[in-house]
Amino acid sequence: MFDTDVFVLGGGPSGLAAAIATRMAGFRVLLADAEQPPIEKACGEGLMPDSIAAAARLGINIVPSHGQPFRGIRFQGDTHCVESDFPNGVGVGVRRPVLQRLLIDRAQQLGIDFSWGQPVTAVQRETIRLGSNTLRARWIIGADGAQSRVRRWAGLQQFRRNTLRFGYRRHYRVVAPWSEYMEIHWGNGCQFYVTPVSSTQICVILMSRHSKQRIVEALRLFPMLEKRLQKCEATGTERGAIAATRQLRRVTSGNIALIGDASGTVDPITGEGMCLAFKQASALAAALTEGNLALYESAHARLSRLPRFMSDFMLLLDTSKTLRTRTLSSFESSPQLFSRLVAMHLGQLHPTRFFTTAAALGWRVATA
C-alpha cells in the first residue's frame, strides 16, 4: 500500500538525522529536498560534547580532524571574563558542509533512498506530491526548517511562544585560532560568538535583536574583538537568517511528525540546536517503532525543557547591562559556579546540584 515506510522532507542535518534513526529502526526511508547538497545555512558551527555523543548514537562519528577542537566556553564582557573546560570531552567546530557530508555518508551506508532537487508541493495524510510524482508513505516527517510547509499543511501552526532575533555569520582566515574556547562576547542587545572551525579559520556569528544590524557595524561595540578581526581576512559572504524562539502547541498530527527547526526552536545562543535534533531523531524512531506518535510528543517536550531554560537564562543577560555585569562578576569571582553552569548546560549535572547552582548564582548576583 505504501511506496515507503517513512518519508522525510528536508535534507539538512535534522532531516538526515531523522532518516538515519528511522532506518536504523528497520524502516524503509525516502528523503527529499528541493536543493542539492551541500545545503548551506547561516548557523553556528560549534558542536558541544553532548552533540557529538548524540551523533555517535546514530553511528555518526565526529572527531577533531573533521574540524577544530575546543575545550570549553568563555564568556567575555566589557570588564569581566570567565571560562570553563567541559566536564567530559571536547567540542569540535565543524563547517556545515562537512557535517552534512558525514550525515549523507552514514545515510547512504544504511541504504536510505534520496530525491535531491525535487520539490514537494503537497502533503495530505499519507500522500505526497513529489515533483511530477505522487507517493504514499506510512509516516511523514517534516524537517524543512523554521518556515516549514509541512507544519502548515498539517495544521500545526499554533505557537505557545514565538519571538524573533537575527543572526549573521561570516568566516575569517587566521594564522591560528587565538583561543581554545568557544567565545561569547556580550554587549547591549547583541552578542558575538566565535568558534574555531579549522587550524586557520574561525566562524563569527552576530546575534541581534535588530534586523538591520550587521557584523561590521556591530563590531564597533566590541573593540577587543574588532581589533583581533582587523588582523584577519574575511572569507566568503556574510549570511543572515532569522533566529526564532518558538514553542509549538503540538509537533504531531495523525501520521505526521515535525523535527528540528520545523518543530520549534531555542535561541541559537545555547549552541544546542544540533544536539536537540539528534536526540529528537532517536526519540522519533522509538515512537514509530511502537506505532505511537504520542510517545514522541512527550519526549519532544522533555528534551526541549533544559535548552529552553538555558536560552531564557542567557537572554536575560542580553536585556540588562547591570544584570550582565553582576552575573559575569559573580562568575569571575567564583569560577566553580561557572563550571557548574557549563555542566548544567550539557545536562551533566545532577538535578539537586542544578537547583543549588541556580540558587547560588541568584544569591551572588543579588548581592554583587
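All values below were derived from every heavy atom in this structure, side-chain atoms included, with hydrogens, water molecules and symmetry-related copies excluded.
Tested against Glu45 for a salt bridge (charged side-chain N to carboxylate O under 4.0 Å, His left out), the candidates Arg169, Arg170, Arg96 yield a single pass: Arg169. Of the residues listed (Ile20, Leu31, Leu30, Ile112), the one engaging Val8 in a side chain to side chain contact (heavy atoms under 4.5 Å, CB included) is Leu31, and it is the only one.
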Mind listing the side-chain donor-acceptor pairs of residues 118-137 below 3.5 Å, one per line with the distance, residues two or more places apart or on another chain?
from   : atom 1 : to     : atom 2 : distance (Å)
Arg129 : NH1    : Thr134 : OG1    : 2.8
Arg136 : NH1    : Met1   : O      : 2.7

Kindly indicate, with the supporting measurements, whether the criterion side-chain contact (heavy atoms from CB on, under 4.5 Å) is fulfilled by Thr4 and Trp139. CA-CA 9 Å; Thr4 186; Trp139 305 104; over 6 Å; no
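The residues Asp85 and Arg71 are annotated as salt-bridged, a charged nitrogen and a carboxylate oxygen being separated by less than 4.0 angstrom.
Residues that satisfy the side-chain hydrogen bond (donor to acceptor under 3.5 Å, both in side chains) test with Arg246, not counting sequence neighbours, are Asn162. Not counting sequence neighbours, Ser304 has no partner by the side-chain hydrogen bond (donor to acceptor under 3.5 Å, both in side chains) test.
Remark: side-chain polar atoms of Thr327 are paired, donor with acceptor, to backbone N or O of Leu323 under 3.5 angstrom. Between the side chain of Arg161 and the backbone N or O of Gln247 there is no donor-acceptor pair closer than 3.5 Å. A distance-only check finds a donor-acceptor pair linking the side chain of Thr22 to the backbone of Ala18 [under 3.5 Å]. No donor-acceptor pair under 3.5 Å is formed between the side chain of Asn88 and the backbone N or O of Pro49.
Aromatic ring orientation, Phe114 versus Trp116: parallel (interplanar angle below 30°, classes split at 30° and 60°).
No hydrogens or angles considered: a donor-acceptor pair under 3.5 Å links the side chains of Thr252 and Arg250.
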